[in-house]
Amino acid sequence: MAVLVALLTIQVATLIILQFPRVQTFVAQTVTGAISEKANGDINVGKVYIVFFNRILVKDVSIVSNERSPLLDSLKSNFGYSDTLLRCDKLSVSFDLHDLLNGELKLKKVAISGGEFNLQTEENRRTNLDRIFGLVKKTEKDTTKSPVNLLAESLKINGFRFTMKNHARYTFKGDSTVNFADLDVRDITVDISDVHLRNGTLFAGINRIQGRDKSGLTLGTLSGKARICGTEAYVEDFYLADNFSQINSRYFYMKYGSPKDFSDFTKKVVLGLDMQDSYLNFRTIGKIAPSLFKSRMAFHLNGEVSGPVCDLRSSNLFVTSDSGESFVDINLRLRGLPDVSRTMAVVELKNSSVRFNDLSRIIASINGTAPNKVIASLAPGADYSFRGNLMGLLDDFVVDGAISSPHGGVDVDFVFRNERGYGSRFKGAVAANGVDAGAILSKEILGKTTFSSQFDVVFKRGGGIELLLDTLDVDAFQFNGYEYRGLVARGSYIDNCYDGSIVSTDPNLNFSYDGVFTFAKDITSASRYDFIADVRMANLAALNLDRRTQVSQLSFNTAARFTNADNEFVNGEIDIRNFNYRGVNGIYNIGDIAIKSLHSSNI
């Protein structure tokens, strides 16, 4: 009994003595000094307070390297490395004394205010953490020790900073770009509850994590239910929001061989995400990929994505445009991120729907420019569906597949290239079957058409179209109530000017044309015509161009060179040969006609 009383007396006396600040600080400094002797650095503690036997308050904690070498000096001067591994202004820990006396550590509240943690890769993937504490990879696990159970009701961190540097992989990407070889995250706020360690796995409820990278990308909120071990971090009910995007996911995971893999994050850390009603704005991606910095493209996402950043894959990814008017259901693989300029995409479009006015906004959002008015005006209110494949770089790719719509079907095989400062280029082949051109262009005079073409078209950044036709074979084309057949065209249409040839073998319009004609851009400019034509037969009545009679046919050869200003004044000449006309009263051989016109304000 006396021994028990003596032991209790010693414990109580020890706890009472530890209430004196000087004793508390002395004990802490003695312990840290002993650890420092075994570490390659100085472990410092400013003040230690033990309050009411259930709370420890530690101020001014730091772990600082004391090693000097030419390599470390070079890293500090050239890459901004720091001697400080850890700095903590204030650490407060409250616990249950009864549990502690029974050998179980149950923390009620852990609070960290102010400080920083600097993780730096020095050489051969060795970090400053490895060097200071002499950490080596364990080859055998000690199974004789019982697992440690660490419990904490809450963990809160405010005003913290985290940096991660890897000089071997550093390249300057711009002040506004996240650099995984030179991370600097400040204003870190952490609110975590129900923390416990079981069998080497840490479990925690993440209520909120916030921070701001030096690039300007801000993590507004990160939350979920986490479990973390030496090779995986897994978060259920994952939610993340930054300046521009919001990601909701059933889960998010990161798999890695060891924490060292984070120094080569884009290649060695495997990600997994199951998005539910998420919103991704390319302004977020632009913070990681500088080539997309000006992009304003945004999508709503549903589906799973997995793989390292450099090789992401997804099956059954459902993507909806920012406006909600367009969608695609795809299988996807992206190889090469975060270097977007070299990223290769392989996409299977299983189903899709798009409207041209929305398509114009999507194309414009790639470069952050205004929507193209020509594309936006096509097929108002109609949904177009595309099924096919896409392969190539994100701004230079090949597309093949089939388009279906209320206005007919089209097979396409073309290359898309985003030419910066110039426009969007489409080059390839297209074949249309019964496409209603009138409905697409909102022109009642036009009807259905069936054709095939080899083309090269540019929708210019400032507006307008440049079109090169290697060949255009028109099997059928409805115009003004008549269906033309057997038309072949070649040439170019640039700056409102068509330069090329047209041949028609239609039974009611047999002709050949070769030359140039332009359309006036505005009232200050003139239309120009310079061509030769051989009209072997034109049945104007059948073509519905002459509705006054049932018989109205003509034939002639012509060469013309003239301009037409403001649809009133014609300057130039027209030479017509072998002009013949057939009407209800017979054939009229008119012969040759020469027309010259000159307009001058001095006449």
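Given the structure is predicted, the values throughout are model-derived calculations rather than measurements.
- With T218 contributing its side chain and G220 its backbone, the two residues share no donor-acceptor pair below 3.5 Å.
- Of the charged side-chain nitrogens involved, at least one lies within less than 4.0 Å of a carboxylate oxygen, so that E483 and R485 count as a salt-bridged pair.
- Salt bridge status for R361 with E325: present, with a side-chain N to carboxylate O gap under 4.0 Å.
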Apply side-chain hydrogen bond (donor to acceptor under 3.5 Å, both in side chains) to the pair Y588 and N580, showing each step before the final yes or no.
CA-CA 6 Å; Y588 300 89; N580 293 286; over 6 Å; no

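- The backbone N or O of K448 sits less than 3.5 Å from a side-chain atom of Q478, completing a donor-acceptor pair.
- The backbone N or O of L183 sits nowhere less than 3.5 Å from a side-chain atom of T163 that would complete a donor-acceptor pair.
- Under the side chain to side chain contact (heavy atoms under 4.5 Å, CB included) criterion, L487 pairs with V474, Y484, S504, not counting sequence neighbours.
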Give the C-alpha distance, both sets of side-chain angles, the deciding distance and a yes or no for side-chain hydrogen bond (donor to acceptor under 3.5 Å, both in side chains) between E348 and N331.
CA-CA 5 Å; E348 178 191 0; N331 294 332; 3.0 Å; yes

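- Under the rule for a side-chain hydrogen bond (donor to acceptor under 3.5 Å, both in side chains), the partners of Y493 that lie at least two apart in sequence or sit in another chain are N496.
- D396 has a carboxylate O that lies under 4.0 Å from a charged side-chain N of R417, or vice versa, which qualifies the two as a salt bridge.
- The aromatic rings of F414 and F455 lie tilted to each other, with the angle between the two planes from 30° to 60°.
- S314 places a side-chain N or O within 3.5 Å of a backbone atom of E304 that can act as its donor or acceptor partner.
- Note that CG of L273 and CD1 of I247 are 6.5 Å apart. Values are rounded to the nearest 0.5 Å.
- The two atoms that bring S245 and T284 nearest to each other are OG-OG1, 2.8 Å, heavy atoms only.
- Each of V319, V399, I330 was scored for a side chain to side chain contact (heavy atoms under 4.5 Å, CB included) with L349, with one residue passing: I330.
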Is there a side chain to side chain contact (heavy atoms under 4.5 Å, CB included) between L472 and R490 once you walk through the steps?
CA-CA 6 Å; L472 172 62; R490 291 177 176 83; over 6 Å; no

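- The shortest distance between side-chain heavy atoms of F265 and V309 falls below 4.5 Å.
- Partner of F386 under the side chain to side chain contact (heavy atoms under 4.5 Å, CB included) criterion, out of V328, V354, I403, N351: I403 alone.
- Between F327 and F318, the distance separating the two ring centers is shorter than 6.0 angstrom.
- Counting heavy atoms from C-beta on, the side chains of I574 and T558 come closer than 4.5 Å.
- A salt bridge links D530 and R561; the closest N-O separation between the charged side-chain nitrogens and carboxylate oxygens is under 4.0 Å.
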D534 vs S512, test: side-chain hydrogen bond (donor to acceptor under 3.5 Å, both in side chains). Steps then yes/no.
CA-CA 5 Å; D534 180 11; S512 60; 4.6 Å; no

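- Nearest heavy-atom pair across L468 and S492 is CD2-CB, 3.3 Å.
- Test Y498, F511, Y513 against F531 for ring-ring contact (aromatic ring centres under 6.0 Å, His included) and you get one pass: Y513.
- The pair R186-D213 does not count as a salt bridge, with every side-chain nitrogen at least 4.0 angstrom from each carboxylate oxygen.
- Among all heavy-atom pairs drawn from N243 and G216, the shortest one is ND2-O, 3.2 Å.
- Nearest heavy atom pair, residue A559 against residue I532, reads CB-CG2, 3.9 Å.
- Judged by distance alone, with hydrogens and angles left aside, the side-chain atoms of T549 form no donor-acceptor pair with the main-chain N or O of S552 at under 3.5 Å.
- Contact check on D274 versus R250 returns a salt bridge, with a Lys/Arg side-chain nitrogen under 4.0 Å from an Asp/Glu carboxylate oxygen.
- Inspection of the R536 and N510 side chains reveals an N or O donor paired with an N or O acceptor under 3.5 Å.
- Aromatic pair Y384/F356: ring centres closer than 6.0 Å.
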Between V305 and M275, does the side chain to side chain contact (heavy atoms under 4.5 Å, CB included) criterion hold? Intermediate values first, please.
CA-CA 8 Å; V305 178; M275 292 175 288; 3.6 Å; yes

What's the verdict on side chain to side chain contact (heavy atoms under 4.5 Å, CB included) for V269 and F262, showing C-alpha distance, side-chain angles and the deciding distance?
CA-CA 7 Å; V269 178; F262 281 87; 4.3 Å; yes

Using the rule given for side-chain hydrogen bond (donor to acceptor under 3.5 Å, both in side chains), can you reason through S326 versus D358, listing the C-alpha separation, both sets of side-chain angles and the distance that settles it, and then say yes or no?
CA-CA 7 Å; S326 306; D358 200 32; 2.7 Å; yes

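- Of the options D411, D413, V410, a side chain to side chain contact (heavy atoms under 4.5 Å, CB included) to V430 is made by V410 and by none of the others.
- Aromatic ring orientation, H300 versus Y279: tilted (interplanar angle from 30° to 60°).
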Given side chain to side chain contact (heavy atoms under 4.5 Å, CB included), test S321 with I362 step by step and report yes or no.
CA-CA 8 Å; S321 67; I362 294 171; 4.0 Å; yes

